[in-house]
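Structure record follows, encoded as structure tokens.
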Amino acid sequence: MNKTTEHPILVTGATGYIAGWVIRQLLEQGLTVHATVRDLNKTKSFQHLQDIAEKNSGKLRLFQADLLNKNAFDEAMQGCEIVIHMASPFLVTNFKDPIKELIDPAIKGTENVLNSVNRTSTVKRVVVTSSIASTYGDAIDALKVPNNTLDESYWNTSSSAKHQPYYYSKVAAERKAWEMQIAQSRWDLVCVNPALVVGPSLTPMTKSGSVEVLQQFGSGVTRFGVPKIWSALVDVRDVADAHLKAALLPNAKGRYIISSKSLTLLEMGKVLTRHFGKKYPFPRMNTPKFLVKIVAPFIGHSRKYVELNVGYPLHFNAQKSIKELGINYRDVETSLVEHFQQLIDDGIVKKRG
Ligand code: NAP
């Protein structure tokens, strides 16, 4: 895709796992990126972006902005035609107060960014990074749809601050974005709804929930088995590509599910065993649901979560992204292997054998 804007593009949450690839692809195209980070003093968290900028024709400018500070995004947005709002906490189990740590930054953050958009007359297109979590709350929801396959027409109506709070943070933030878009006519909105993102990170500093899953595979937590849970997967470079297309293609419209295919946790373990051998404690069997229910509270999940998510096939239809954005999905089995290898190389997973 060729450069299609002379104006800078704003990317929020620039230190993030996915944002790294989005910014890299924008800089490789020679575009100017205004990138916001929560704390400009944490230079290690964005050094990789500065290194990428040095090697490419695009220009990078960094700004400080916290999602919870009103007006924080105004300066970074000056002169931008396109805003890509990615910043949002991605925590699946590692949190104490879901409202403070997940829901407020997601919803109020989206509101703050879009209030800045409303004050910035140059902005014409906003891309919000939502999630497949905006289309369903629990895997059991997919029992009600043909072939257990969800598409962009579905909305998550079952998550709350108490049950599946990360999912709730995503659907509530996306709804807020559409509500604010409909209230005006200057800027349009495109939502990117990725599945679980895997594949190499541009920095070992990432704390994305994506790393949490593979880390558990490496640490031995899943050695004695995994629940029968389906996970829709997609490579991080395809997710970045989808963001660029959503930002730059004039005809991009509405929501886009970005997903390559679903694998069960056991199938993911088998993919990794085939490549790395048996020296790593990858899961080799499914744990019966009643046993998962017993241990769930000790590993950060509720029994209700297990009841509504274990044993239900879950698939996503990403045809709209293929037809309208031209996404050519990578094989996620290779992405899983590359990602796990990187966690070993970075010392995040202990090297064995
Ligand atoms: P990540 O690496 O954890 O990135 C999250 C980003 O949000 C970080 O840059 C973080 O900044 C920023 N952030 C969090 N709270 C903030 C606050 N109060 N103020 C300013 N910035 C804040 O996660 P990711 O996987 O790249 O996720 C990026 C986006 O994609 C999120 O919206 C996530 O929900 C969505 N998504 C991710 C996946 C996935 O599988 N990874 C799937 C679907 C959707 P700090 O560095 O300062 O913490």
Side-chain angles (χ1 to χ4, degrees), residues 5 9-14 16-19 21-23 25-26 33-36 65-68 72-73 76-77 80-90 102-120 123-135 152-156 159 166-195 197 208-209 234 236 238-259 318 320-321 324-325 327:
T5 177
I9 296 182
L10 175 69
V11 180
T12 70
Y17 166 53
I18 304 173
W21 281 100
V22 169
I23 292 170
Q25 291 187 7
L26 290 169
V33 179
H34 286 190
T36 68
D66 191 298
L67 286 170
L68 293 170
F73 294 88
M77 212 176 278
C80 293
E81 195 175 45
I82 296 166
V83 169
I84 302 180
H85 174 42
M86 309 195 77
S88 203
F90 179 25
L102 279 169
I103 295 165
D104 278 355
I107 305 175
K108 290 184 185 163
T110 300
E111 210 175 348
N112 283 339
V113 170
L114 296 182
N115 277 330
S116 292
V117 169
N118 281 337
R119 285 192 291 271
T120 311
V123 179
K124 300 286 183 308
R125 158 97 29 116
V126 176
V127 176
V128 165
T129 312
S130 186
S131 167
I132 52 168
S134 264
T135 66
E152 290 86 356
S153 64
Y154 295 97
W155 284 87
N156 176 351
S159 298
Y166 169 71
Y167 284 58
Y168 179 69
S169 78
K170 294 309 287 181
V171 67
E174 192 188 326
R175 282 199 184 278
K176 173 57 73 183
W178 285 113
E179 184 192 307
M180 291 179 73
Q181 193 280 326
I182 288 161
Q184 56 75 57
S185 57
R186 175 184 18 100
W187 49 273
D188 63 11
L189 174 66
V190 180
C191 286
V192 174
N193 298 64
V197 184
S208 169
V234 64
V236 66
D238 292 342
V239 177
D241 186 29
H243 278 84
L244 264 75
K245 303 256 173 70
L248 296 168
L249 290 179
N251 295 334
K253 200 173 166 37
R255 316 168 87 192
Y256 289 97
I257 284 178
I258 307 298
S259 174
K320 184 173 179 248
S321 70
E324 295 181 15
L325 302 182
I327 307 297

**OP:** Show the numbers, then the answer: is there a side-chain contact (heavy atoms from CB on, under 4.5 Å) between Val239 and Trp21?
**Re:** CA-CA 9 Å; Val239 177; Trp21 281 100; over 6 Å; no
Within this structure, what is the [atom1]-[atom2] distance for the pair [X] and [Y], rounded to the nearest 0.5 Å?
X	Y	atom1	atom2	value
Asp188	Gln181	CG	CD	6.5 Å
Ser134	Asn193	OG	CG	5.5 Å
Leu10	Glu81	CG	CD	13.0 Å
Lys170	Cys191	NZ	SG	9.5 Å
Lys320	Ile258	NZ	CD1	9.0 Å
Asp238	Leu325	CG	CG	11.5 Å

Exam field: side chain [X] to backbone [Y], donor-acceptor pair closer than 3.5 Å:
X	Y	result
Glu152	Ile257	yes
Arg186	Thr120	yes
Asn156	Thr135	no
Arg119	Leu114	no
Arg125	Ile84	no

Original post:
Just one of Val127, Leu26, Thr36, Thr129 clears the side-chain contact (heavy atoms from CB on, under 4.5 Å) bar with Val11, so which one?
Top reply: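 With Val11 as partner, Val127, Leu26, Thr36, Thr129 yield a single side-chain contact (heavy atoms from CB on, under 4.5 Å), made by Leu26.
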Original post:
So among Val123, Val126, Leu248, which one has a side-chain contact (heavy atoms from CB on, under 4.5 Å) with Ile82?
Top reply: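 Among the candidates, only Leu248 passes.
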**OP:** Would you please test Glu324 and Tyr256 for side chain to side chain donor-acceptor pair (under 3.5 Å) and show each step?
**Re:** CA-CA 9 Å; Glu324 295 181 15; Tyr256 289 97; 2.6 Å; yes
Original post:
Please walk me through it: do Val117 and Met77 pass side-chain contact (heavy atoms from CB on, under 4.5 Å)?
Top reply: CA-CA 8 Å; Val117 169; Met77 212 176 278; 3.7 Å; yes
Original post:
Parallel under 30°, tilted from 30 to 60°, perpendicular over 60°: which one fits the rings of Phe73 and His85?
Top reply: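 Answer is perpendicular, since the angle exceeds 60°.
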Considering all heavy atoms of both residues, which atom of [X] and which atom of [Y] are nearest to each other, and what is their separation?
X	Y	value
Val192	His243	CG1-CE1, 3.6 Å
Ala246	Ala252	O-CB, 3.9 Å
Pro89	Tyr166	O-CE1, 3.5 Å
Pro194	Val234	CB-CG1, 4.5 Å
Tyr167	Ser159	CB-OG, 3.3 Å
Ile23	Ala14	CD1-CB, 3.5 Å

Original post:
Hey, are Trp178 and Glu174 close enough side-chain-wise for a donor-acceptor pair under 3.5 Å?
Top reply: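 Yes, side-chain donor-acceptor contact under 3.5 Å.
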**OP:** Could you tell me which residues satisfy salt bridge (Lys or Arg N to Asp or Glu O under 4.0 Å) with Lys253, sequence neighbours excluded, listed by chain and number?
**Re:**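 If we apply the salt bridge (Lys or Arg N to Asp or Glu O under 4.0 Å) test to Lys253, skipping adjacent residues, there are no hits.
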**OP:** Return the set of residues passing salt bridge (Lys or Arg N to Asp or Glu O under 4.0 Å) with Asp104 (not counting sequence neighbours), or none when no residue passes.
**Re:**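 Partners of Asp104 by the salt bridge (Lys or Arg N to Asp or Glu O under 4.0 Å) criterion, ordered by chain and then number, come out as Lys108.
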Original post:
Given Asn118 and Trp187, is the side chain to side chain donor-acceptor pair (under 3.5 Å) satisfied, shown in steps?
Top reply: CA-CA 9 Å; Asn118 281 337; Trp187 49 273; 2.9 Å; yes
Original post:
What's the verdict on side-chain contact (heavy atoms from CB on, under 4.5 Å) for Met180 and Gln184, showing C-alpha distance, side-chain angles and the deciding distance?
Top reply: CA-CA 7 Å; Met180 291 179 73; Gln184 56 75 57; over 6 Å; no
Subject >> Residue Tyr17 excluded, over 12 heavy atoms near OH under 6.0 Å >> reply: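 Result for OH/Tyr17: enclosed.
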